[in-house]
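Convention: sequence-line order gives letters A, B, ...; per-chain numbering from 1. Predicted model, so just to flag it, every value in this text is computed and none were measured.
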Amino acid sequence: MERLHLSQSPTLAIPLAIALSARFHMGNKQAKSKHNSNGSRRRDGSARSNAQPSATESLRTYSIPDLRQEHPDLSVRQTIEKGKDGVEHVRYEVTGNLNAPVPPISDSKYLTKQQCIEIYRYMLLNRKMETALENLYKQGKVVGGVYFGLGQEACSCASAYALDKDDWFAPMIRNQGSLLVRGFRASDTMMQYMAKADSPTRGRDGTSHFGDIEKRNMVSPISMLGDLIPVLSGVALGARLQGRNVAVMTYIGDGGQSTGVTYEGINFAAVQNLGLVLFVESNLWAYSTPSEMQYRCKDLAERAIGYGIPGVIIDGTDACQVYDAARDAVERAHRGEGPTMIEAKMMRMKGHAIHDAAAYVPKPMFDFWKKRDPIARFENYLVKEKKWLTTKENAELISEVEQVIEAEREIAVNSPMPTPESAEGGVFCEDGCHDIKPKYGMPKVKKRSGGFKETEAAVHLK
Amino acid sequence: MQLTYLEAIRQGIWEEMDRDPSVFCLGEDIGIYGGAFKVTDGFIDRFGPERVIDTPIAESAIVGAAFGASLTGMRPVAEFQFMDFIGCAFNQISNMVAKTHYLWGAPAPLVLRGPSGGYVHGGPFHSQNPEMWFVHNPGLKVICPATPYDAKGLIKAAIRDNNPCIFFEHKYLYRRIKGEVPAEDYVVPIGKANLVREGSDVSIITYAAMVHTALEAAEVLKNDGIDLEILDLRTVSPLDREAIAQTVKKTNKVIILHEHSRTGGLAGEIAAIINEEAFDDLDGPIVRIAGLDSAVPFSPPQEEHYLPKVEDVVREARKLKAY
Ligand SMILES: Cc1ncc(C[n+]2csc(CCOP(=O)(O)OP(=O)(O)O)c2C)c(N)n1
Ligand SMILES: [Mg+2]
């Protein structure tokens, strides 16, 4: 995968005072330093020793850049209305400008024509894989439910596309597109949903709950929301102890970010200056709960200020914005400059899972966001605006993707169910099942002059 | 009237909210949506958003806030969308709630409830039976009903109880089990087991969904001339020691059946109670039937292999009878 290299400081921005000093640092040693161990460091997370704070630094002029080309003002609240039955019902109601014009796709600072088309193809794969899953469900071939990332394909695909090979990531349930970008096959996810013997977990778990620490550097999610964040921070920590700054990308929802472990994980990464790239997927709903009932700040990216890390807001339906923000954050991570929070605004365009008709969502919200469909808009951008794809090439691409998905579906359907006995074993790593060694090379440890302590210090309890 | 297990729980909470203004519900998606399993469907229209509170996704905060409110004399009923997520609130429950009365004399009249259990292909994070995490926590009452009658009577008892109660609803039973539930107000006492089937040959000590597994096995074994006695514990903490001893004294042969993993499971505790209360009455080894010592796998053939089945009970009962 071809990459453009950034020669300048990250444009991702950050509290103003910090941004100034960060640029200053980029110009000198900090930009070149390979990895950043846990040393004394300033509030912006960059490592700098004992310089006097400048006058600007003591001013609180934090800001969160917002790269969007529109700022939807929709808001949801509970109201009580009398139904036809004469009974009072509590319902959700949306207010705001529901007729705002659809913004254009932003030109990427980094992406080439070819890369844009590649991301577009992944988005198509993502959506068509999910359509195939929906059909498999209707045919009774899926065990349990199906989760969709409809309307969020740009966020899943363009974010993962910004990672380099050695970087790590962990998807949440709707990031099935990220898996495709990282080289998993659609049949992997399909087999997970069908609980097949050849699924990556060999039937033991479903959905996007699988991982790969060998090749694709993916941590398997668990259902509990937020728990991946400290884990990914730990991956960055482990790599740094081995002399490597890797970017570690994961996602959290507008609902999931309410968990305590989210705070712990981000703060840990902030304090330790770890290369966490956290996508906050603000898709307006958490199951049936609107984001208005989940948090009180205006934008979740504002939380970054409290963590002392850069935060940025982007349009999650614009693949170019997603990529650019992700790439900036990934490069920051590679430079050892610490975590970034990216809030991607969009809407979950289906129910929580296939069983949920989302009757609680005010319908005009779907209409509003349907016009902002990430694939339709990117297609329009590539075909009509940029003319990077002819109509014919586009049609060919779509049919190629459909063929891939059909072939993947065949593979998945034809995989057998696991045997009952395959439920057993594998609880422990034993009998040489793994050869565990530092992935990036044995840590180079320094022994200092401190000697083994012979005397006992005072302790809390004796 | 005939109610499903789920309807019985819904009615129990509803009646308590109607009866007592200090009862309120909190949890994720319990309001307009009515809860992931629809236990609180219609509650928000009846009791309003003030008493049916949709919370952020924050299990520790839900439990902590429920406890805080209970300190002011309220009786919160907090829902976990799945009991698997109760681990996210473990410290609040184990160190805050469970210890409060013993340490500083403050009661915690709250209920933590939600769906647990397997047999519905929920996978490793939507199928667990984490009751043992709390049985090993002095200060908590742990309730696991098997029938609509008990579910309603026990949820009411839990809400009225002055102590923290964790109420495990078995999601397999929610809509599969129907039973007679009286219209008039009643409670089922916490800590009392129920002899759901009298028999003379082998006792099955069990609870929750496994009661129905045992009942099915009893029908099969009838044809072999084996007469099962089935004790439904209903509450797993505190355990009804007397009822456990009584059934052992009667049949002298006992199988303990539970859905959660075998090691460190409830059967070990019950075996110890039998050892203490009725050792001389045993005419055979105490047999355990339980889930495997692993996570609950997702794929149906694997899940079925993991979980106890009617055939397991039949096989073990035959062996034990012949012992
Ligand atoms: C700790 C925890 N509590 C509850 C749940 C149940 N649950 C699963 S997804 C979900 C809503 C998540 O909403 P959000 O984080 O906004 O993600 P989205 O579904 O919108 O992508 C809930 C409540 C869970 N998975 N984990
Ligand atoms: Mg959401």
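In this structure, chain B has no heavy atom under 4.5 Å from any part of S199(A). Looking at Y92(A), the atoms closer than 4.5 Å to chain B (heavy atoms on both sides) sit in the backbone and in the side chain alike. Using a 4.5 Å cut-off between heavy atoms, A36(B) touches chain A through backbone and side chain atoms alike. Proximity to chain B is limited to the side chain of V427(A), based on heavy atoms less than 4.5 angstrom apart. In this structure, the portion of E88(A) lying under 4.5 Å from any heavy atom of chain B is its backbone and not its side chain. Residue I44(B) touches chain A through both its backbone and its side chain, counting heavy-atom pairs closer than 4.5 Å.
When every heavy atom of M224(A) is checked against every heavy atom of Q128(B), the shortest pair comes out as CE-NE2, 4.4 Å. Nearest approach of R202(A) to Q302(B), heavy atoms of both residues: O-NE2, 2.9 Å.
Checked by atom type, the side-chain pair S294(B)/E424(A) shows no donor-acceptor distance below 3.5 Å.
With sequence neighbours left out, F279(A) forms a ring pair (Phe, Tyr, Trp, His ring centres under 6.0 Å) with Y251(A). Checked against ring pair (Phe, Tyr, Trp, His ring centres under 6.0 Å), F148(A) has no partners two or more places apart in sequence or in another chain.
The structure places CD of E28(B) at 11.5 Å from CE of M293(A), a figure rounded to the nearest 0.5 Å. Separation of atoms CG (D54(B)) and OH (Y287(A)) is listed at 12.0 Å; rounding is to 0.5 Å. Rounded to the nearest 0.5 angstrom, L225(A) CG and E59(B) CD are separated by 8.0 Å.
With chain A as the partner, the residue from P297(B), P56(B), G42(B) showing the most heavy-atom pairs under 4.5 Å is P56(B). Ranking G425(A), S422(A), G144(A) against chain B, the residue ahead of the rest is S422(A), based on heavy-atom pairs under 4.5 Å. Highest contact tally toward chain A, considering only E304(B), H126(B), E303(B), is held by H126(B) [criterion: heavy-atom pairs under 4.5 Å]. Chain B forms more heavy-atom pairs under 4.5 Å with one residue of I80(A), V87(A), D356(A) than with any other, namely D356(A).
More than 12 heavy atoms of other shown residues, nucleotides or ligands fall within 6.0 angstrom of atom CE in M417(A). Within 6.0 Å of NE2 on H355(A) lie more than 12 heavy atoms contributed by other residues, nucleotides or ligands.
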Chi angles and distances behind the side-chain contact (heavy atoms from CB on, under 4.5 Å) call for T201(A), F298(B): CA-CA 10 Å; T201(A) 58; F298(B) 172 54; over 6 Å; no
Derivation of the side-chain contact (heavy atoms from CB on, under 4.5 Å) call for D29(B) and H352(A): CA-CA 11 Å; D29(B) 305 292; H352(A) 176 62; over 6 Å; no
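A distance below 6.0 Å separates the ring centres of H209(A) and F125(B).
For residues 82-92 of chain B, heavy-atom neighbours of chain A at less than 4.5 Å comprise D84(B), F85(B), C88(B), sorted by residue number. Contacts with chain B (heavy atom to heavy atom, under 4.5 Å) involve these residues of residues 254-265 of chain A, listed by number: G255(A), G256(A), S258(A), T259(A).
Between I32(B) and S288(A) there is no side-chain heavy-atom pair separated by less than 4.5 Å.
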